[in-house]
**Student:** 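Quick one: the structure is below, and I'll ask about it shortly.
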Number of protein chains: 2
Amino acid sequence: MGLALAETAELHQSRRRAGRPPQALLSSARITKAALKLISHDGYKGLTMAALARSLNVAPSALYNHVRSKQDVLLLVEDHLMGRVNVSAFATEPWDAAVASWARSYRDVFAAHLPLIPVIALLPVTNAPATITMYEAVTNGFLRAGWAPESVIDAVVALESFIYGSAYDVNAPADIFDAGTLAPQAPHFSEAVEQRGVGACAAAARSNDADAAFTLGLKAMIAGLAATLGPGTV
Amino acid sequence: MGLALAETAELHQSRRRAGRPPQALLSSARITKAALKLISHDGYKGLTMAALARSLNVAPSALYNHVRSKQDVLLLVEDHLMGRVNVSAFATEPWDAAVASWARSYRDVFAAHLPLIPVIALLPVTNAPATITMYEAVTNGFLRAGWAPESVIDAVVALESFIYGSAYDVNAPADIFDAGTLAPQAPHFSEAVEQRGVGACAAAARSNDADAAFTLGLKAMIAGLAATLGPGTV
DNA sequence: ATTCTAAATGAACGGCATTCATTTAGTGAA
DNA sequence: TTCACTAAATGAATGCCGTTCATTTAGAAT
């Protein structure tokens with residue numbers, strides 16, 4: 001009788017009595033997966049500890065047996081996504097093409113996950129295995145191209161800085177530079193905004209403003225970095 | 001008697017009876033100033049609508065007669081800070097030196113105000129007069145250096161992207177690249193992190209890691225942008 | 001005068017991350 | 001086997017946060 005009652009309750013309301021369940025309901029992997037699904041459905045505003053728990057059919061407080069804070073959840077998601085950054089070009093392409101490919105992939109992944117950028121940029125990579133794997137592949141690509149070990153990290157950080165900022169730019173509204181009623185006070189700026197990209201050069205296909213700026217900046221930085229290290233190095 | 005009581009109450013508890021006061025207590029300027037003071041004392045975690053109201057000796061709901069939301073407060077602060085970005089070099093220095101000066105100033109201002117970066121990067125500049133003034137000065141600097149009007153905004157956006165990312169980097173902890181127990185799985189990366197900046201080149205004074213990466217990236221991007229526009233242009 | 005609007009109070013509201021006491025299930029040592 | 005310990009769940013409670021709303025009062029406009 002008691003057993004039947006418990007089973008019935010489980011089926012009907014998915015209610016569960018207190019206490020440790022026979023087999024664990026949660027794990028880092030399950031939490032990560034549920035968080036990603038939640039984000040893809042409702043965005044980051046939908047990622048709350050309560051919603052996450054609900055999607056895992058668990059009480060919110062249960063999550064805290066597996067993560068210390070919501071920041072920990074974000075770190076799990078971040079490291080998972082870092083695995084989607086494409087570093088394969090470093091194995092096949094010359095340095096400049098490989099950097100361009102990696103950077104674009106990196107930007108595209110995190111343009112869809114802006115709230116993670118402070119997490120990546122500010123939190124140590126300790127215990128973020130996919131992130132470390134990514135850095136190892138990039139470092140190897142730089143070293144193989146002849147970069148001095150003491151300069152690699154600075155160069156990667158510079159590129160990452162540009163990538164993070166560009167990820168924000170992808171999400172900027174089209175009218176971000178519309179000065180509105182203040183336009184007369186900034187005539188040259190307003191004119192430049194209107195003229196932006198007219199007669200789009202053939203080389204860089206101008207699919208949209210963010211891509212054009214990213215392409216321009218990336219090309220400049222790669223060329224500039226190559227030149228910094230000596231013209232014959234790369 | 002009634003009057004005396006009210007005055008006493010005002011002195012002792014700064015309590016105020018309901019209703020519109022004889023002269024306005026709040027304004028955009030006062031709110032901005034109070035927010036900045038609050039931020040400089042307690043950081044952005046201390047910037048709450050309740051704390052802001054308290055520092056202005058006002059009820060929290062009173063703020064909503066002057067701003068639509070907390071985002072509005074952030075926008076006020078952002079525009080105020082944009083006035084601190086130094087664009088004076090565009091009037092005196094050649095293009096590359098002026099860009100370098102502006103970019104460093106820009107980064108330094110917002111490195112101390114990271115939570116504003118999403119606000120700058122994502123919100124239209126409409127009704128942000130200081131921000132528009134800054135863009136006008138920068139645009140003029142580019143045009144005077146011979147830049148084509150249709151390319152100016154893309155170049156500025158590319159530089160800004162790098163600046164925003166670099167502002168994050170300033171706030172990264174020193175051990176951000178410490179792989180911890182996973183170091184053996186990324187030997188070249190770990191080695192490069194250790195070797196970072198050894199024998200710091202004489203040219204770029206290496207005050208710290210973030211400055212070194214910023215200096216390297218900025219130099220590269222400026223050189224690359226100048227080259228993109230044709231070697232003789234600048 | 002009367003009406004309208006601006007600007008304040010104070011009491012609520014719902015949502016959020018997090019904590020804690022409690023319960024239950026497995027694990028390892030005596 | 002028993003007993004202590006630890007892991008993993010519940011559910012109630014906490015405190016903070018941004019925001020809304022009814023209300024009150026003061027000045028401005030008709």
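Just so we're on the same page: letters track the sequence lines, and every chain starts at 1. Please read all numbers here as calculations on a predicted model, not as lab measurements.
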**Student:** How would you label the contact of B:T48 with the nucleic acid (heavy atoms, under 4.0 Å): base, sugar-phosphate, or nothing?
**Tutor:**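 Sugar-phosphate: the residue B:T48, judged by heavy atoms under 4.0 Å, touches backbone atoms but no base.
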**Student:** Looking only at side-chain N and O atoms, does B:S161 offer a donor or acceptor that is under 3.5 Å from a partner on A:D169?
**Tutor:** no
**Student:** Going by atom types alone, do B:T133 and A:Q185 pair a side-chain donor with an acceptor below 3.5 Å?
**Tutor:**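 Not at all, the side chains of B:T133 and A:Q185 share no donor-acceptor pair under 3.5 Å.
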**Student:** Given that B:V58 and A:S61 both sit by DNA chain C, which one's nearest nucleotide is further toward the 5' end?
**Tutor:**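 Going by which nucleotide is closer to the 5' end, it is B:V58.
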**Student:** Using only heavy-atom distances, decide whether a donor-acceptor pair under 3.5 angstrom links the side-chain of A:N65 to the base of D:dA9.
**Tutor:**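 It does, because a donor-acceptor pair links the side chain of A:N65 to the base of D:dA9 below 3.5 Å.
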**Student:** What's the closest nucleotide to the side chain of A:K70 if the choices are D:dA9, C:dT18, C:dA8?
**Tutor:** C:dT18
**Student:** Would you say a side-chain N or O of B:R17 is under 4.0 Å from OP1 or OP2 of C:dT9?
**Tutor:**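 For C:dT9, OP1/OP2 do not have a side-chain N/O of B:R17 under 4.0 Å.
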**Student:** If only side-chain N and O atoms of B:R16 are considered, is one of them under 4.0 Å from the OP1 or OP2 phosphate oxygen of C:dT9?
**Tutor:** yes
**Student:** Between B:T126 and A:G180, is there a donor-acceptor pair closer than 3.5 Å when you use the side chain of the first and the backbone of the second?
**Tutor:**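 Here the side-chain-to-backbone pair does not exist.
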**Student:** Are B:H66 and C:dA8 close enough that a side-chain N or O sits under 4.0 Å from OP1 or OP2?
**Tutor:** yes
**Student:** Expressed in angstrom and rounded to an integer, what is the separation of B:R54 atom CZ from D:dC17 atom P?
**Tutor:** 8 Å
**Student:** For the residue pair B:Y168 and B:Y164, is the inter-centroid distance of their aromatic rings smaller than 6.0 Å?
**Tutor:**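 No, the ring of B:Y168 stays outside the 6.0 Å limit from the ring of B:Y164, centre to centre.
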**Student:** Heavy-atom distance under 4.5 Å between the side chains of A:R30 and A:L25, does that happen here?
**Tutor:**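 In short, these two side chains do not touch, never coming nearer than 4.5 Å.
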**Student:** Under 4.0 Å, heavy atom to any atom of DNA chain C: which of residues 33-44 of chain A qualify?
**Tutor:** none
**Student:** Do A:R104 and A:F214 meet the cation-pi criteria used here (NZ or CZ under 6.0 Å from the six-membered ring centre, within 45° of the axis)?
**Tutor:**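 The answer is no, since A:R104 fails at least one limit relative to A:F214.
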**Student:** Would you mind reading off the distance between A:L52 atom CG and C:dC16 atom C1', rounded to a whole angstrom?
**Tutor:**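 In whole Å, C:dC16 C1' lies 14 Å from A:L52 CG.
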**Student:** Look at the side chain of B:A59 and decide which nucleotide, out of D:dA8, D:dT10, C:dT9, has an atom nearest to it.
**Tutor:**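 The closest nucleotide is C:dT9.
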**Student:** Is there a donor-acceptor pair closer than 3.5 Å between any side-chain N or O of A:S105 and the backbone N or O of A:S101?
**Tutor:**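 A pair under 3.5 Å: no.
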**Student:** Describe the nucleic acid contact of B:A24 in one word from base, sugar-phosphate, nothing, applying a heavy-atom distance below 4.0 Å.
**Tutor:** sugar-phosphate
